[in-house]
Structures are given as structure tokens and as C-alpha cells.
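Since we're looking at a predicted model, the values are computed, not measured. The figures here come from the full heavy-atom set of this structure, side chains too, leaving out hydrogens, waters and symmetry mates.
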Amino acid sequence: MIYYEGQSMDFSVSDIYVIEKTSYVSIDLGMPKGIAAVIGTSNFGPSTSIAKIYSKSGLTKLFGTRSGGTLVPFVETLLDCGTKEVHLLSVFGSGAAKATKSIAAGESTNWVFTAKYNGTVGNSIKVRIIEGSLANTVSVEVLYADAVELTPNVTNNPTDENYIGKKFASMWVDFSKTGTATTLPEDADWTNLAGGSNGSAPADGDYITALDSFETDLDADLIAIAKDTTSALRAGLINHCAVMKNRIAFTTPLDMTSIPTIVADMQTRNDKRVAVVYPAFNYYNRETNAYTAQHMAWFMGVTGAISPFEDPLGKNITFGALSTQLSRDEAGELSRANVCYGWNGRQGVEIKNSKLEYKHPYFGNIMIRRTFDRVEKAIDDSLQSVLGYTGNEKEVQGLLFSMINGALSRFVDEGWINGVEKIDVSGNTPSLRMQGKATASVIITKYPAIQRVIIYVYADTAGYTYNEVIL
């Protein structure tokens with residue numbers, strides 16, 4: 001049985017109503033603390049569906065070598081800096097191709113083995129045909145990354161239960177057949193697939209198109225394109241984040257010629273969801289034994305390693321170093337320009353600023369934006385759950401209050417916010433519900449300085465909008 005106070009839900013009002021039936025929105029406030037989404041180039045890996053990576057070994061197995069593009073070094077830096085989960089998509093340019101191998105299997109007939117992904121790493125995959133343990137069969141083996149996949153005892157007849165087209169299974173290779181012969185192929189020793197290509201360098205439009213794939217990824221709260229940011233890429237990221245309402249984009253300065261050029265450009269930038277990071281981190285490539293610059297990954301990795309209500313400011317990276325040591329005057333200029341920067345200190349790389357480019361003293365803080373994103377999504381989840389509810393006005397408002405209050409209580413208990421002063425759901429009239437809409441306003445307090453903020457959330461079946469006002 002849930003009690004709430006007053007139709008306006010103001011905690012100073014003593015009126016009491018009783019709701020017999022309710023439910024609560026499920027909120028995961030635990031790990032992972034941040035989920036990073038990254039688009040970049042590689043010499044292998046998915047380019048049409050998002051892959052989830054949790055380890056460096058899984059990263060290189062799926063997306064190829066560290067020297068094959070920007071994606072693997074960027075994500076390896078994220079993981080080294082503490083981010084536990086990364087969602088990835090590779091981008092290939094014109095001319096990219098999957099490696100293949102055709103093996104004769106009767107007159108005018110071939111078994112064709114094709115790498116699942118574009119890229120030159122597909123050329124390292126090997127296949128072989130060996131005699132099966134059952135009569136009139138062969139077995140097929142696929143070798144990749146020192147692991148062998150076996151498809152045993154297959155035939156070449158589509159009507160057979162053991163037909164290779166029905167039984168073949170591989171994480172790395174697809175099977176197809178040309179021709180109609182049913183003759184088994186001869187035994188064939190290990191042979192490489194060939195013809196895999198990375199294609200030309202992708203254009204900015206290719207990266208921006210890839211952002212569309214992440215519109216179905218509702219979990220990622222940090223996003224970056226693993227290359228120096230251009231005006232077009234920045235615009236694409238801003239549009240994407242505005243649509244999603246739950247993530248921050250990490251970019252480089254558009255012109256890194258000098259500190260003054262960075263500062264001058266930042267005076268024209270004021271987006272609510274962009275963190276501009278400088279300088280680069282020296283990433284050590286184990287394959288080439290050389291250092292390469294990773295511009296945003298170090299800061300994004302630390303941000304992903306902490307809870308959204310925590311501030312990256314003051315956090316350290318205890319390995320490696322930044323490529324540029326800033327003077328105190330330069331650091332001061334970057335700080336005033338809202339650039340996220342660090343410097344090489346006694347305890348490693350020290351993060352010295354954690355502001356979005358948004359020139360707002362409160363909502364310009366990364367931790368504030370991340371916290372409010374989660375809070376507003378929880379409110380929207382509650383609103384969405386009553387869009388089809390058929391109870392009377394008082395029941396709907398009481399149900400909605402109980403769900404929002406339960407959700408926000410979790411945020412308070414876990415330390416995400418400091419308190420909830422008011423929940424107002426009185427605007428949810430029968431006429432509004434008949435339109436498939438719901439609304440709520442909430443006053444919460446959140447550090448720094450116990451700032452009081454009223455959040456207005458307006459939802460319908462297409463999504464939600466929000467507005468935040470400091471009181």
C-alpha cells in the first residue's frame with residue numbers, strides 16, 4: 001500500500017490518498033559505471049552490427065591488429081584506463097572486401113569460404129578439408145588466432161542431414177556453394193583465405209552514417225569517433241547526442257595548432273553534450289614498439305571507469321604520459337575555455353579540468369550531465385509505464401508518484417543525488433492521457449553546493465523531452 005501527499009505531491013501538504021496497486025521502475029545503479037561507444041577504422045571486425053568488448057584479448061581477436069586502424073589502440077586505451085565495457089563499430093572505406101577461398105567440389109562446383117568481416121586480417125584465416133570419421137564424409141577445419149573450429153562429417157548433398165550447408169558453423173567464416181554437384185572435395189591442407197582489403201580511408205560521412213547504428217544502443221553513455229575531430233564529425237556527434245539524450249561526446253579541438261587557436265575556437269563552442277579533450281596520450285603499440293597519440297581515449301576511459309555521479313577531476317592515470325606538458329599559464333587558459341585537460345604529475349597523468357564545452361557553471365560539469373541523464377531517463381520510464389493505464393485521475397497520479405518516488409529514492413540511497421524536495425504529477429489529466437502523453441516535474445538537490453534544480457519531463461510514445469531550471 002503506497003501513500004502520497006497531496007495532488008501536487010508537495011511534501012508540505014498533508015492530504016493523504018491510498019493506492020492499492022503499484023509497480024516500480026527497474027533501475028540498475030551498479031556496474032558497469034560507464035559504457036563507451038566508439039567508431040573507428042580497423043583491419044577486421046563488424047561494420048554493420050555493434051560488438052561489445054570487455055577485454056583486450058577479445059578486442060584484438062575481433063577487430064584485428066593494433067596497427068590496422070584507429071579503433072584497437074583507442075579502445076585498448078579506454079580499457080587500460082578502467083572502462084569495463086565498450087560498444088564498437090568499425091568503418092571501412094570504398095573498396096573494402098572480405099577474404100575468400102574457393103575449394104573445388106565436383107564439376108563446376110565450389111565450396112566458398114568467406115571471412116565474416118572486411119579487412120586484411122581475413123587473409124590470415126585458414127581452412128582445410130580432411131577425411132571424415134564417417135563413411136562418405138569430410139570434416140572442415142577453420143584456423144584463426146591460434147584456435148581451430150571443427151565442423152565434422154559433412155556431405156555435399158543438400159538433401160542429406162549432414163549437408164555442409166546445414167551443419168557448417170564458424171565465428172569467423174561463412175559458407176556458400178556454387179554449382180550443383182554433390183561430389184565431395186578432395187582432402188586439402190591448410191590454405192589461406194585471400195583478397196581481404198581495408199579499402200580506402202573512410203570519409204567523414206561514413207563515420208556519421210555509422211552513428212545511426214548507435215541509436216538502437218540505449219546503454220552507452222559516452223561516445224567518440226576515433227580520429228581527430230572535424231567540423232562535420234562534431235556536428236554529427238552533437239546531432240546524435242541530442243537525439244539520444246543520454247550520452248556525452250568526446251572530441252579533440254578542431255584546430256590543435258597551438259593553445260591560443262584552441263582557446264579562440266572554444267569561445268564559439270557551447271554544446272551541452274560535448275567534452276573537448278587536450279592534449280593527446282602517448283599510447284604504446286606493442287606490435288610496433290612505438291608510441292602513437294590517443295587524443296580523447298585517456299580522458300574518456302577514466303570517465304567510463306567511475307560512476308556517473310562522480311567527477312573525473314582529480315583522477316589519475318598511473319601508467320604512461322601525455323604527449324605535451326602544459327605550462328601553468330597554458331593550463332589556466334584551457335581551464336577557462338572549458339577544455340578537459342591533464343598534465344604529467346608525480347602520480348602519473350592528473351586530470352585538472354572536467355567541464356563540458358557548455359559555458360554553464362552547473363550544467364557544464366560532466367558529472368552533473370551524466371547524473372541528470374540517468375535521473376531523467378528513470379522519470380521517463382515511469383511516465384511511459386502509465387501511458388496506457390486506464391485508472392481514474394487520482395489513481396494514475398498516485399501510481400505515477402509512487403514509481404517516480406521509488407526510483408528517485410534509489411538515486412538518493414546510492415549517493416547519486418542528495419535529496420528530493422517535490423514530485424508534481426498533477427498535470428496528468430484524463431485529457432492528457434487520452435493523447436497518449438504524461439508529464440512530471442521534480443525538484444532535486446545535487447552537489448556541488450546542494451544546488452536545487454527543477455526537472456520538467458514530458459513523455460509520449462515517441463520518447464521524451466526535458467527542461468532543467470536552477471532554483
Can any side-chain N or O of [X] pair as donor or acceptor with the backbone N or O of [Y] at less than 3.5 Å?
| X | Y | value |
| --- | --- | --- |
| W298 | P279 | yes |
| S90 | T41 | no |
| T178 | N110 | yes |
| T324 | L326 | no |

In chain order, what residues pass the side chain to side chain donor-acceptor pair (under 3.5 Å) check against S57, with sequence neighbours excluded?
S55
Among residues two or more places apart or on two chains, list those pairs meeting side-chain hydrogen bond (donor to acceptor under 3.5 Å, both in side chains) that have a residue in residues 180-207.
D204-T230
Applying salt bridge (charged side-chain N to carboxylate O under 4.0 Å, His left out), which residue pairs with at least one partner in residues 160-181 are found, sequence neighbours left out?
K116-D174
Pairs meeting criterion salt bridge (charged side-chain N to carboxylate O under 4.0 Å, His left out) with involvement of residues 228-256, two or more places apart:
R234-E357
Heavy-atom pair with the smallest gap, counting every atom of H87 and D219
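Minimum heavy-atom contact is CE1-CB, 4.4 Å.
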To check you understand the geometry: which heavy-atom pair defines the closest contact between N153 and S133, and what is its length?
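Scanning both residues, the minimum pair turns out to be OD1-N, 2.7 Å.
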What residues, two or more places apart in sequence or in another chain, satisfy ring-ring contact (aromatic ring centres under 6.0 Å, His included) together with F113?
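Partners of F113 under the ring-ring contact (aromatic ring centres under 6.0 Å, His included) test: F168, F175.
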With sequence neighbours left out, write down each residue that passes ring-ring contact (aromatic ring centres under 6.0 Å, His included) with Y358, or none if nothing qualifies.
H360
Applying the side-chain hydrogen bond (donor to acceptor under 3.5 Å, both in side chains) criterion to Y284, which one of T77, N289, D80, T292 satisfies it?
N289
Between T159 and N157, is any side-chain donor less than 3.5 angstrom from a side-chain acceptor?
yes
Among I259, N353, T251, side-chain contact (heavy atoms from CB on, under 4.5 Å) partner for Y278:
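Among the candidates, only I259 passes.
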